[in-house]
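Below, all heavy atoms of this structure are taken into account, side chains as well, without hydrogens, waters or symmetry copies. All values reported here derive from a predicted model rather than from experimental measurement.
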Amino acid sequence: MKFAVVQFPGSNCDQDLVAALRDVFQQQAVLVDYRTVDLTDYAAVLLPGGFSYGDYLRGGAIARFAPIMTAVREFAAAGGLVIGICNGFQILTEAGLLPGVLQQNHSANFICQPAALTVVNNQTSFTNAYQPQQPITLPIAHGEGNYYCDAATLAALKAHQQIVFTYQDNPNGSVADIAGITNRAGNVLGMMPHPERAVEALLGSEDGRGVFQSMLQTLTKKVVPA
């Protein structure tokens, strides 16, 4: 299976994703330039963490205009799996592929630490390898991870089971403790924690493996999400 890892100017977690997919899951992972306009050859698209375009305006605000984002929108509209991690999550909200925004952390400090999470919805293409309400710990590293949406959007997220991960000890002030959400169709996930940094015991945790295992199970039709 061939995975596209999008490389924007300023991406710095792209190689981590490639290493996780290649070395841990033995999948074909390819760095795809931000000027690419066709993603039809790939099984899934991954937007990595980092500081696209330096985040000089706002996290993800410039990357949303990159040429590849038209292809990402088309890929998602066709039902393809898209995951944005950290800066990738910010890009997906800026591009309108996910609701809400990522604001500066309420402490105004950059936070880099392990974060305890709960898998709120394990019936998605990205979480079906986890148990219901499973507690996991993943690293976070961000200055703008404070997820915000208005009350109507939050009600819609809850009504359609789009809240996938929540923080157990909300480190950044996110509304409703949200750490990760999907779109209504369930094929686009954005999350601030980094699962690719928790896929081997050598890294201190394997709790992130479930995200990639879930995607592989979905893509190979071993699991059909509800």
Side-chain angles (χ1 to χ4, degrees), residues 5 8 10-21 23-24 46-56 58-61 63 83-94 98 100-122 124 126-127 129-131 133-149 154 157 163-182 189-215:
V5 178
F8 298 97
S11 297
N12 65 7
C13 300
D14 42 6
Q15 293 289 356
D16 294 345
L17 273 173
V18 169
L21 289 164
D23 300 343
V24 179
L46 300 91
L47 278 61
F51 302 89
S52 57
Y53 298 89
D55 282 351
Y56 290 118
R58 187 177 59 247
I83 178 172
I85 299 168
C86 198
N87 192 225
F89 187 10
Q90 295 164 344
I91 295 169
L92 291 175
T93 58
E94 293 287 343
L98 290 173
V101 297
L102 277 307
Q103 305 180 126
Q104 187 180 56
N105 297 337
H106 71 116
S107 65
N109 294 321
F110 188 92
I111 302 172
C112 184
Q113 63 187 40
L117 309 172
T118 299
V119 181
V120 177
N121 182 359
N122 76 329
T124 80
F126 307 93
T127 54
Y130 291 110
Q131 297 300 310
Q133 301 297 312
Q134 182 174 338
I136 61 174
T137 298
L138 297 179
I140 59 171
H142 55 245
E144 297 177 12
N146 178 358
Y147 179 81
Y148 174 78
C149 63
L154 180 59
L157 290 175
I163 300 173
V164 177
F165 298 107
T166 56
Y167 297 108
Q168 295 177 20
D169 185 15
N170 193 338
N172 50 32
S174 291
V175 64
D177 303 326
I178 287 174
I181 59 170
T182 65
L189 169 71
M191 59 188 297
M192 288 310 296
H194 288 264
E196 78 279 12
R197 296 182 185 175
V199 291
E200 296 179 280
L202 181 65
L203 299 175
S205 171
E206 295 182 312
D207 285 357
R209 294 175 64 98
V211 171
F212 303 101
Q213 289 169 336
S214 299
M215 294 176 69

### Message
Quick check: closest heavy atoms across Pro193 and Tyr167, and the distance to 0.1 Å?
### Response
CD-OH, 4.1 Å
### Message
Run the side-chain contact (heavy atoms from CB on, under 4.5 Å) test against Val101 and tell me which residues pass, sequence neighbours left out.
### Response
Gln103, Tyr148
## Note on the structure
The side chain to side chain donor-acceptor pair (under 3.5 Å) partner of Arg58 among Gln104, Glu144, Glu94 is Glu94
### Flag side-chain contact, heavy atom, 4.5 Å: Asn105 against Phe110
no
### Query
Is there a side-chain contact between Val5 and Gln15, using heavy atoms and a 4.5 Å cut-off?
no
### Message
What's the separation between atom CD1 in Ile140 and atom CD1 in Ile85, rounded to the nearest 0.5 Å?
### Response
14.5 Å
### Message
Tell me the closest heavy-atom pair linking Gly145 and Asn172, and the distance in Å.
### Response
O-ND2, 3.0 Å
### Query
Within a strict 4.5 Å, meaning less than it, do heavy atoms of the Asn170 and His106 side chains meet?
no
### Task
Show your working on side-chain contact (heavy atoms from CB on, under 4.5 Å) between Phe89 and Ile181 and close with a plain yes or no.
CA-CA 9 Å; Phe89 187 10; Ile181 59 170; 3.9 Å; yes
## Note on the structure
When Asn121, Val120, Asn122 are each screened for side chain to side chain contact (heavy atoms under 4.5 Å, CB included) with Thr124, the one that passes is Asn121
### Query
Do the non-hydrogen side-chain atoms of Pro48 and Asp16 ever get within less than 4.5 Å of each other?
no
### Query
At their closest point, which heavy atom of Ala198 faces which heavy atom of Pro139, and how far apart are they?
CB-CD, 4.1 Å
### Task
Please step through side-chain contact (heavy atoms from CB on, under 4.5 Å) for the pair Val211 and Tyr130, ending with a clear verdict.
CA-CA 8 Å; Val211 171; Tyr130 291 110; 3.7 Å; yes
### Query
So how far is it from Leu117 CG to Asp169 CG, rounded to the nearest 0.5 Å?
11.0 Å
### Query
Which pair of heavy atoms, one from Cys149 and one from Val175, lies closest together, and at what distance?
N-CG1, 3.9 Å
### Query
Counting distance only, does the side-chain N/O of Thr127 pair as donor-acceptor with the main-chain N or O of Ser214 below 3.5 Å?
no
### Contact check, side chains of Asn87 and Phe51, non-hydrogen atoms, under 4.5 Å
no
### Message
Using 0.5 Å steps for rounding, measure from the CD atom of Glu206 to the CD1 atom of Ile136.
### Response
13.0 Å
### Pairs involving residues 189-204, ordered by first then second residue, that meet side chain to side chain donor-acceptor pair (under 3.5 Å) (sequence neighbours left out)
His194-Glu196
### Query
Out of curiosity, Leu157 CG to Tyr147 OH, how far, rounded to the nearest 0.5 Å?
4.5 Å
### Task
With the side chain counted from C-beta on, respond yes when Phe165 and Thr118 share a heavy-atom pair under 4.5 Å apart, and no when they do not.
no
### Query
Just wondering, do Leu17 and Phe212 contact through their side chains at under 4.5 Å, heavy atoms?
yes
### Query
side-chain contact (heavy atoms from CB on, under 4.5 Å) between Met191 and Val164: does it pass, once the steps are laid out?
CA-CA 9 Å; Met191 59 188 297; Val164 177; over 6 Å; no
### Summary
Heavy atoms of Ile91 and Gly60 approach each other most closely as CG1-CA, 3.6 Å
### Message
For Leu92 and Ile83: C-alpha separation, side-chain torsions, deciding distance, then whether side-chain contact (heavy atoms from CB on, under 4.5 Å) applies.
### Response
CA-CA 9 Å; Leu92 291 175; Ile83 178 172; over 6 Å; no
### Task
Could you check if a side-chain atom of Val199 sits within less than 4.5 angstrom of a side-chain atom of Asp23, using non-hydrogen atoms only?
no
## Note on the structure
Heavy atoms of Gly50 and Cys13 approach each other most closely as N-SG, 4.3 Å
